Every structure is written in C-alpha cells, then in structure tokens.
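Every heavy atom of this structure was used, including side-chain atoms; hydrogens, water molecules and symmetry mates were not. As the structure is a computational prediction, the values presented were derived from the model and not from experiment.
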Amino acid sequence: MSNVKHDEGRLAQVLVAPIISEKATRAAEKHNQVLFKVLRSATKHEIKAAVELMFKVEVASVQTVNQMGKTKRFGRMMGRRDHVKKAYVCLKPGQELNFSGEAA
C-alpha cells in the first residue's frame with residue numbers, strides 16, 4: 001500500500017507539530033515512537049508518507065488517537081479546547097528523528 005501517490009502539498013500540511021512531553025519522551029525511549037499533532041482529517045497512510053518525506057526516515061507503523069477537547073471555564077464563560085488528533089509514529093529499528101535542526 002506504500003506505492004500510493006500522495007499530494008506533496010497535502011503531506012506538508014498533515015503534520016501540525018511534534019508533541020514534546022514526558023509521555024512522548026517515554027514512548028521514544030521505550031518503543032522508538034515519535035508523537036505528532038496531525039490534521040483531524042489525516043489518514044494513517046498520509047501520516048506515514050508525510051513523516052518519511054519530511055524527515056527521510058523509515059516508518060514501521062502509525063497509531064492514531066482522537067482526543068476530545070476539554071471543557072474549560074474562563075471566569076463566568078464556559079469554553080472548550082479544540083479536538084486534537086495525535087499520531088504515534090513507530091520508527092524502524094536504527095531510525096532516529098532529530099528535532100534540534102542539526103544534521104546527523
């Protein structure tokens with residue numbers, strides 16, 4: 001299924017931001033996974049293609065989570081955070097992602 005052609009303009013928009021947290025760091029150390037915030041309409045195949053295109057690494061698998069926005073209170077007003085889709089991208093053994101911008 002990896003020989004399907006994806007639009008490069010769309011792939012450039014699929015990855016919104018990397019998620020850097022304690023949980024993300026633990027996933028990276030334990031399972032060689034990287035977390036990304038992605039478009040809510042993005043598919044697993046698109047996410048895999050986008051990561052491989054942007055970072056020049058091999059992706060073993062992609063797992064996604066749809067996280068509903070929390071209801072929050074701002075003084076008297078009730079509001080809600082946006083819904084977010086997260087992608088756990090599992091890299092193949094020996095592959096590594098570097099966010100610091102330095103070439104490996």
Side-chain angles (χ1 to χ4, degrees):
M1 198 74 186
S2 62
N3 58 359
V4 175
K5 288 287 178 203
H6 293 287
D7 176 29
E8 282 196 25
R10 163 95 173 141
L11 293 183
Q13 295 175 340
V14 165
L15 302 178
V16 176
I19 298 173
I20 298 165
S21 63
E22 287 184 24
K23 187 174 183 180
T25 306
R26 208 167 34 249
E29 290 169 358
K30 210 170 185 183
H31 306 291
N32 199 23
Q33 288 181 328
V34 187
L35 270 75
F36 288 99
K37 191 184 287 190
V38 295
L39 291 180
R40 292 189 55 212
S41 60
T43 65
K44 290 182 180 185
H45 292 293
E46 284 179 329
I47 295 166
K48 178 178 178 176
V51 172
E52 288 180 343
L53 178 75
M54 305 288 236
F55 299 101
K56 308 290 188 264
V57 293
E58 291 181 58
V59 174
S61 66
V62 175
Q63 295 164 310
T64 58
V65 177
N66 281 309
Q67 186 176 28
M68 296 297 123
K70 289 183 178 179
T71 303
K72 287 289 189 180
R73 201 182 159 129
F74 304 100
R76 279 193 258 171
M77 306 277 290
M78 288 298 281
R80 190 183 49 74
R81 290 183 182 165
D82 287 339
H83 298 316
V84 175
K85 187 171 192 174
K86 294 180 184 179
Y88 287 76
V89 178
C90 186
L91 302 177
K92 289 189 177 171
Q95 298 288 312
E96 194 175 291
L97 267 187
N98 188 3
F99 290 119
S100 63
E102 301 165 9

Excluding sequence neighbours, so at least two apart, what forms side-chain contact (heavy atoms from CB on, under 4.5 Å) with Lys70?
-> Lys72, Arg81
Transitive ILVMFWY side-chain link Val57 to Ile47, under 4.5 Å = yes
Judged by atom type as modelled, is there a donor-acceptor pair below 3.5 Å linking the side chain of Gln33 to the main-chain atoms of Tyr88?
-> no
All pairs passing salt bridge (Lys or Arg N to Asp or Glu O under 4.0 Å) where residues 6-26 contributes a residue, at least two apart = Arg10-Glu46
Is the CE atom of Met78 crowded by more than 12 outside heavy atoms at less than 6.0 Å?
-> yes
For the atom pair NZ (Lys48) and CG (Leu11), what is the distance rounded to the nearest 0.5 Å?
-> 13.0 Å
Test Phe36 against every option in Thr64, Val51, Val14, Val62 by the side chain to side chain contact (heavy atoms under 4.5 Å, CB included) rule and name the one that passes.
-> Val51
Give a yes or no on whether Val16 and Met54 share a hydrophobic cluster (residues Ile, Leu, Val, Met, Phe, Trp, Tyr; joining criterion: side-chain heavy atoms under 4.5 Å apart).
-> no
All side-chain contact (heavy atoms from CB on, under 4.5 Å) counterparts of Arg80, not counting sequence neighbours | Thr71, His83
Separation of Glu52 CD from Lys92 NZ (nearest 0.5 Å) | 7.0 Å
Find the distance between CD1 (Ile19) and OG1 (Thr25) and round it off to the nearest 0.5 Å.
-> 11.5 Å
Answer yes or no: are there more than 12 heavy-atom neighbours, outside Lys37 itself, under 6.0 Å from its atom NZ?
-> no
Verify the cluster assignment for Val34 and Phe55: are they in a single hydrophobic cluster under the rule of side-chain heavy atoms below 4.5 Å apart?
-> yes
Consider only side-chain heavy atoms of I, L, V, M, F, W and Y, link residues closer than 4.5 Å, and tell whether Val65 and Met68 are in one cluster.
-> no
